[in-house]
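Since the structure comes first, as structure tokens, the remarks are kept for the end.
By convention in this document, chain letters (A, B, ...) are assigned in the order of the sequence lines, proteins followed by strands, and residues within each chain are numbered from 1.
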Amino acid sequence: MKYLQIEHLSKTFVNGAKTAHVLSDINLTIEKGEFVSIIGHSGCGKSTLLNLIAGLTDVTTGGILLDGREVNAPGPDRAVVFQNHSLLPWLSVYDNIKLAVTKVFGSSKTKAQRHDWIMQNLDLVQMSHAADKRPAEISGGMRQRVGIARALAMEPKVLLLDEPFGALDALTRAHLQDAVMDIHSRLGNTMIMITHDVDEAVLLADRIVMMTNGPAATIGEVLTVPLARPRDRIALASRPDYVKAREAVLRFLYERHRFVEAAE
Amino acid sequence: MNVTTLKRKLDLTPKPAAPVVALPPRTPDRLAPWRKRGRALVDAVLPPLVVLVVLLTIWQVGASGEGSGLPTPVQVWIDSGFLFMEPFYVYGTQDIGLGWRVLTSLERVFYGFGLAAVVGVLTGAVIGQSALMMRGFDPIFQILRTVPPLAWLPISLAAFMDSGPSAIFVIFITAIWPVIINTAAGVRAIPQDYRNVAAVLRLNQVEFFWKIMVPAAAPYIFSGLRIGVGLSWLAIVAAEMLTGGVGIGFFIWDAWNSSRLSDIIVALAYIGGTGFILDRLVGWIGRVVSRGTAV
């Protein structure tokens, strides 16, 4: 079933006399419940693609359809987990999620139901113990957990993750990857995750979308990851199909589409 | 010397433990926190007090000469000490204590500055949202903010034809610029991340203003308000030269016209003290509202 459809999408930024052709003719169909990773070198337009799906940036040509409706503005049905958590520092963890829940479910849920829903989402990321803390009082990994809880609390059709663990240390990142996998298996959300970490992409995704280098980047290859779920990072490390998938992504990134720094 | 002899020299037998002496239980010093607080108070109050005494002494000595045009501190105390001691006396409609006069002036400042705060924050918010508006308005505000309060008087009078609203307008127009400029700067400084969050949540303009803009820009807004309240208190003398009546500003003008220099000096002390309190008050409100991130 086609849930999210991206057709002939391209994006050009115009700044005065300068035009930058960032994305060109992107075609991608994502099914409901699917976990898709988008990988590519920095500057290839991965984040632009995510912003286009989120509606935070306007499409130049082509179109995006979600569940049969065109995407042309941001909305809570495409919740974003931002790279730097983007929690509001003057609100407690609870109030940060409450802001989202009140906005999305203000009319459909009672106050008590909304409270339960907030706590349920905090439980999901194991952060209910820090409900009354402010973002500055918790660690980076915890903030990102809260960011995920806030996005999940909007009950989005698609959860968009923009390099969510890029700023975290390796151990914390592994914990959060497990948390995301766990949530995905429990709730069956459709998720799109931008990453530049090959292991992360292979471990988490059903399909890996590999982007060519910009300018005018497009989808170079799509790799289906055949690994059964639930996946265990330690068991996978020695499995030939995992190694093969990893190698395929590495080959794409470092042989066929090497990042040329001096392109400018 | 070989290894065995070396080893033999080492004394590895444990020594007897030292006798255990029972110490009397320590009595908790219940006054300790108070003593600490007292010392902090002395540390804060003593230095300015010393400086004040030194300055008053210099003034006393300097103004003691035969042909001195300025009264000495002692002379001021003899002439006008009662103004200090009885801030709230009422001897007639025009003859009231300086406390009352300060309150009357504060009422004017309250209206003028209150209006400037509301209009300034709203205008700043609108202008800060658009780069084009910012480019258009900012140079004009930067010029207008340097115009001294007195210079607004004639225009204000011509516009309002009445001294009451004119005085409030002078305070308003003096105080509003830093509020607008700082609010606009604060709004421009809101991180794109917060705007993205607001966009994803589809916050409307009003929700965005209250839930994102005001808290995010609060440190900027309150430093603008703090400058603004200082300026509006500065404008009070100018404003009350115009209105007459019972304000502290008019009191100075009146005292000058009847050569009561000592009274003026006392009034200056009142104005300075009140201005200081106003400044601290706005700073404190800012800290409470922005939960420790402002000013």
Side-chain angles (χ1 to χ4, degrees), chain A residues 15-16 47 50-58 71-92 95-106 133-137 143-144 146-147 150-162 164 167, chain B residues 121 124-125 128-136 182-183 185-226 282-295:
Chain A
N15 188 5
S47 287
L50 196 88
N51 282 343
L52 288 168
I53 300 171
L56 293 168
T57 309
D58 289 331
V71 168
N72 46 21
D77 57 338
R78 283 153 288 125
V80 186
V81 177
F82 297 96
Q83 184 171 7
N84 42 359
H85 69 81
S86 297
L87 299 176
L88 304 176
W90 54 87
L91 295 179
S92 68
D95 287 337
N96 261 290
I97 300 178
K98 190 178 157 199
L99 180 69
V101 169
T102 313
K103 188 64 193 166
V104 179
F105 299 108
K133 292 228 166 80
R134 279 173 203 276
E137 296 166 338
R143 279 177 220 154
Q144 208 50 274
V146 178
R150 177 175 64 182
L152 287 171
M154 298 177 207
E155 222 167 42
K157 288 178 176 163
V158 184
L159 187 65
L160 305 170
L161 303 118
D162 187 4
Chain B
V121 169
Q129 279 287 63
S130 142
L132 189 67
M133 291 244 261
M134 191 78 171
R135 274 209 295 276
N182 275 43
T183 305
V187 169
R188 291 211 66 70
I190 295 175
Q192 186 59 38
D193 294 336
Y194 301 168
R195 294 181 184 279
N196 285 345
V197 169
V200 168
L201 287 175
R202 289 210 187 116
L203 297 184
N204 60 38
Q205 294 281 320
V206 178
E207 285 168 330
F208 182 72
F209 180 78
W210 286 113
K211 301 212 161 137
I212 308 278
M213 202 188 273
V214 169
Y220 287 84
I221 294 175
F222 274 94
S223 55
L225 289 176
R226 212 169 157 178
V282 174
W284 177 75
I285 294 171
R287 266 199 301 284
V288 171
V289 169
S290 61
R291 293 159 179 139
T293 57
V295 197

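For A:A100, the parts lying under 4.5 angstrom from a heavy atom of chain B are both the backbone and the side chain. Contacts between A:R78 and chain B at a heavy-atom distance below 4.5 Å involve backbone atoms as well as side-chain atoms.
Summarising the geometry of B:A199 relative to A:L56, their closest heavy-atom pair is CB-CD2, 3.7 Å, with the distance given to 0.1 Å. Closest approach of B:R202 to A:P76, counting heavy atoms only: NH1-CD, 3.9 Å.
Counting non-hydrogen atoms of other residues, nucleotides and ligands closer than 6.0 Å to CG of B:N204 gives a total above 12.
No side-chain heavy atom of A:H85 sits under 4.5 Å from any side-chain heavy atom of B:D193. Looking at B:K211 and A:L88, their side chains never come closer than 4.5 Å, going by heavy atoms from C-beta outward.
Among A:G55, A:S86, A:P156, A:A73, the residue making the largest number of heavy-atom pairs under 4.5 Å with chain B is A:S86.
Between atom OG1 of residue A:T102 and atom CG of residue B:L201 there is a gap of 10.0 Å, rounded to the nearest 0.5 Å. The CG atom of A:N84 sits 11.0 Å away from the CD atom of B:Q192 when rounded to the nearest 0.5 Å.
Residues satisfying the ring pair (Phe, Tyr, Trp, His ring centres under 6.0 Å) criterion with B:Y194, sequence neighbours excluded, are A:W90.
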